[in-house]
Amino acid sequence: MLQIARNWTRGEEWSVNVVFFKLDVTRTEDFELLIDHYFEEKFDIVLMNMAIMDVSTLEPLAQALPKLLKPNGVFVATVLHPVFMTSGASRNVDLRYDGETGDLEVVRTKVIKNYLHVPPYKGIAIPGQPKRQLYFHRPMDELFTTFFRAGLVMDAMEEPAFSEEDEEKSRVESSRNYTQLPAILSFRMRLPYNSRA
């Protein structure tokens, strides 16, 4: 993966500012190596895009962030939405006829039976992937509290949903068809103002 990324950036003017570093976010030792290596520089942004639900423990990451971020730096993360995606919510499709027009109306809903205690489970990220992967569901309070305990505060959160233009009519089960239920939760955290250097 690192070599693919290096090849992708090769020859780009901005690539001199990009460093690739293999790191296991569940290992405190890996973060210690990173912190030692970049102690003087620190980061403006630490980004974790659509990976939190793939990680068994977030504590090493959360504990490392205050040491990795510059005084005005931020941690930005996106995750499959804990309510509508990783809770094991069932997808329902109701077919109804409009009483006035007689037109067929498709209504998509989800039923959430479990949310607070969902054990790790296997699933797929991309249709056709050769092997199922483990997902680690966390209710929002558990997810955020991990970072709050490390001294971070949240200053932004969004719940983007697919639009009608994104719908996949050929795949009735597709999350893209649930335009009123957010598929992703994104959030931004930083150090509190009084703890900045």
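In this text, all values refer to a predicted model and were calculated from it rather than measured experimentally.
Inter-residue side-chain proximity for M154 and F148 is flagged as met; some heavy-atom pair is nearer than 4.5 Å. Looking only at side-chain heavy atoms (C-beta outward), R138 and P82 stay at 4.5 Å or farther from each other. No side-chain heavy atom of V118 sits less than 4.5 Å from a side-chain heavy atom of T86. No side-chain heavy atom of R27 sits less than 4.5 Å from a side-chain heavy atom of P60. At least one side-chain heavy atom of R91 sits under 4.5 Å from a side-chain heavy atom of E173. Two residues are said to be in side-chain contact when any heavy atoms from C-beta on lie closer than 4.5 Å; V74 and L69 fail this criterion. Within the 4.5 Å cutoff, the side chain of P182 has no heavy atoms near those of the L185 side chain. Counting only heavy atoms from C-beta outward, the side chains of V106 and V93 approach each other to under 4.5 Å.
Counting heavy atoms of neighbouring residues, nucleotides and ligands inside a 6.0 Å radius, atom CD of E164 does not exceed 12 of them. Crowding of I112 atom CD1: a count of heavy atoms from other residues, nucleotides or ligands under 6.0 Å exceeding 12. Residue-environment remark: OH (Y97) stays at or below the threshold of 12 foreign heavy atoms within 6.0 Å.
Between the side chains of E168 and N177, no donor-acceptor pair of N or O atoms lies under 3.5 Å. Defined by atom type and a distance below 3.5 Å, a donor-acceptor pair is present between the side-chain atoms of S163 and E165. For the residue pair Y135 / Q133, a side-chain donor-acceptor distance below 3.5 Å is found, with atom types taken as modelled.
Rounding to the nearest 0.5 Å places CD of E100 at 11.0 Å from CG of D103. With values rounded to the nearest 0.5 angstrom, D24 atom CG is found 8.5 Å from K22 atom NZ. Summarising the geometry, atom CG belonging to L143 is positioned 4.5 Å from atom CZ belonging to F187; distances are rounded to the nearest 0.5 Å. Rounded to the nearest 0.5 Å, atoms CG (D44) and NZ (K70) are 4.0 Å apart. Put simply, CZ on F75 and CZ on R190 are 15.0 Å apart, with the number rounded to the nearest 0.5 Å. The CD atom of E105 sits 6.5 Å away from the CG atom of D98 when rounded to the nearest 0.5 Å.
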Requested in this report: Would you check, one step at a time, whether the test side-chain contact (heavy atoms from CB on, under 4.5 Å) holds for I52 with L58?
Outcome: CA-CA 8 Å; I52 285 180; L58 297 176; 3.7 Å; yes
Report task. Show the numbers, then the answer: is there a side-chain contact (heavy atoms from CB on, under 4.5 Å) between V79 and M85? Result -> CA-CA 9 Å; V79 61; M85 298 300 290; over 6 Å; no
**Report entry** Test side-chain contact (heavy atoms from CB on, under 4.5 Å) applied to F136 and V55, step by step
**Finding:** CA-CA 7 Å; F136 299 90; V55 177; 5.7 Å; no
Report task. Check step by step if side-chain contact (heavy atoms from CB on, under 4.5 Å) holds for S186 and M157. Result -> CA-CA 6 Å; S186 60; M157 183 177 84; over 6 Å; no
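Applying the side chain to side chain contact (heavy atoms under 4.5 Å, CB included) rule to I184 yields the partners M50, T78, P160; only residues at least two apart in sequence or on another chain are considered. Judged as a salt bridge (Lys or Arg N to Asp or Glu O under 4.0 Å), and not counting sequence neighbours, E158 has no contacts.
Ion pairing of E167 with K169 is present here, as a side-chain N (NZ or NE/NH1/NH2) and a carboxylate O approach within less than 4.0 Å.
Residues F162 and Y178 keep their aromatic ring centres 6.0 Å or farther apart.
L61 and M48 get closest at one heavy-atom pair: CD2-SD, 3.5 Å. Closest heavy-atom contact between G151 and P192: O-CD, 3.0 Å. In plain terms, the two heavy atoms of V25 and F31 that are nearest each other are O-CE1, 3.4 Å. Considering every non-hydrogen atom in both E59 and T57, the closest pair reads OE1-OG1, 2.6 Å. In terms of heavy atoms, R171 sits closest to P127 at NH2-CG, 3.7 Å. In terms of heavy-atom proximity, L80 sits nearest to M53 at N-SD, 3.5 Å.
Residues I35 and L152 share a single hydrophobic cluster, defined by chaining ILVMFWY side chains whose heavy atoms lie under 4.5 Å apart. Side-chain heavy atoms closer than 4.5 Å link hydrophobic residues (I, L, V, M, F, W, Y) into clusters, and following such links, even through other members, never connects I45 to F21. Follow the hydrophobic side-chain contacts under 4.5 Å out from L23 and you reach V46 in the same cluster. Neither V76 nor L68 shares a network with the other; the hydrophobic side chains, linked directly or stepwise wherever heavy atoms of I, L, V, M, F, W or Y lie under 4.5 Å apart, form separate groups for each. Note on V111 and F84: separate hydrophobic clusters, where clusters join Ile, Leu, Val, Met, Phe, Trp and Tyr whose side-chain heavy atoms are under 4.5 Å apart, directly or indirectly.
Sorted by first then second residue, the side-chain hydrogen bond (donor to acceptor under 3.5 Å, both in side chains) pairs that include residues 108-127, not counting sequence neighbours, number zero.
A donor-acceptor distance shorter than 3.5 angstrom exists from the side chain of Q129 to the backbone of I126, with no hydrogens or angles considered.
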